[in-house]
Amino acid sequence: MHQPFSLPAGNCVNNRRQAYALLLLGIVFLFIAWLGILNPYAVGVVLFGLGMLAVAPLNPRRYLSAGWLTTSLGVATFLMFRNYIPASQVLTAHLLAIGLGLLGIAWMAQRGYTSRGELTPGLFVVGVGVTEFLQAAHLTPSPLVPFALSLWLPGSGLFVLGLVALVTSGSISINAERHQADHVHSGKAPLDPAKDCTRP
């Protein structure tokens, strides 16, 4: 199986770096959103996806598939709101975006970048479908669409993902040290921390 990138996918140090990169990107996007730059251009979803793709090389198993699928949908959303896609072809554009996203995820699984049978893409598509349904039924809050299209979405989304990644990487490090101590006390060969930190 091909090795994804040149860095270990589950290395604890890379997980922390990925978390810090997400936090930094989130803060940058929040600052730009607060300045009001790029907010009217419907680039929120695509930048959210690109932000996840930017940090994915540090641990591809975490955000590579979600970032690719989000970016595909973000491009379709951008083209739709910029009137590059006729209203009659909006559904077709979203289906094509989801199809390209799933094809990319299938390729990632074959190359070993993501695990096979991953639930994240399916849950993501279901979430998008539920959101579209609620929006069509006028059941979503009125600020939701402007928020999703502006830089507030990538800013807040990447910042939250960074916090989650930081907490998760910390718990993984504690578990690795605990397993290391258990192996020492039991007389077994100590584990390699880089190999023990394999959870995405």
Side-chain angles (χ1 to χ4, degrees), residues 1-33 44-74 101-102 104-127 151-200:
M1 180 179 292
H2 297 275
Q3 294 297 324
F5 301 95
S6 60
L7 298 172
N11 188 275
C12 295
V13 175
N14 291 337
N15 288 345
R16 292 194 193 95
R17 289 175 179 172
Q18 190 178 58
Y20 295 141
L22 285 167
L23 291 171
L24 179 60
L25 283 174
I27 292 173
V28 170
F29 280 130
L30 286 173
F31 179 71
I32 297 175
V45 180
V46 67
L47 288 179
F48 186 33
L50 290 175
M52 286 188 281
L53 288 178
V55 303
L58 292 170
N59 186 348
R61 292 183 180 274
R62 273 190 165 180
Y63 301 113
L64 184 59
S65 59
W68 174 253
L69 188 55
T70 305
T71 303
S72 300
L73 287 168
L102 295 178
I105 292 171
W107 178 84
M108 295 171 199
Q110 290 180 350
R111 304 283 294 182
Y113 295 109
T114 61
S115 58
R116 297 178 185 271
E118 192 176 4
L119 293 176
T120 303
L123 294 175
F124 185 86
V125 173
V126 170
L151 267 67
W152 292 108
L153 173 65
S156 57
L158 294 173
F159 188 82
V160 170
L161 287 178
L163 290 177
V164 173
L166 189 61
V167 172
T168 305
S169 63
S171 64
I172 290 175
S173 299
I174 293 173
N175 289 335
E177 292 174 1
R178 187 177 302 164
H179 290 318
Q180 189 87 352
D182 291 342
H183 276 68
V184 171
H185 290 306
S186 63
K188 298 179 181 178
L191 295 176
D192 185 353
K195 293 181 180 179
D196 193 50
C197 262
T198 53
R199 281 178 12 190

Which atom of [X] lies closest to which atom of [Y], heavy atoms considered:
{"X": "Tyr63", "Y": "Leu161", "value": "OH-O, 3.5 Å"}
{"X": "Leu50", "Y": "Thr71", "value": "N-OG1, 3.3 Å"}
{"X": "Leu23", "Y": "Gly162", "value": "CD2-C, 3.8 Å"}
{"X": "Arg62", "Y": "Ala165", "value": "NH1-CB, 3.2 Å"}
{"X": "Ala19", "Y": "Leu166", "value": "CB-N, 3.4 Å"}
{"X": "Phe29", "Y": "Pro154", "value": "CD1-CB, 4.0 Å"}

Spacing of [X] atom [atom1] and [Y] atom [atom2] [to the nearest 0.5 Å]:
{"X": "Tyr113", "Y": "Trp68", "atom1": "OH", "atom2": "CH2", "value": "13.0 Å"}
{"X": "Arg61", "Y": "Met108", "atom1": "CZ", "atom2": "CE", "value": "13.0 Å"}
{"X": "Ser156", "Y": "Ile27", "atom1": "OG", "atom2": "CD1", "value": "12.5 Å"}

Pair Leu58-Tyr20, side-chain contact (heavy atoms from CB on, under 4.5 Å): steps then yes or no
CA-CA 11 Å; Leu58 292 170; Tyr20 295 141; over 6 Å; no
Indicate yes or no: at least one non-hydrogen side-chain atom of Leu158 is less than 4.5 angstrom from one of Leu47.
no
Side chains of Asn15 and Asn59, donor plus acceptor under 3.5 Å
yes
Leu30 vs Trp152, side-chain contact (heavy atoms from CB on, under 4.5 Å): CA-CA, chis, key distance, verdict:
CA-CA 6 Å; Leu30 286 173; Trp152 292 108; 3.6 Å; yes
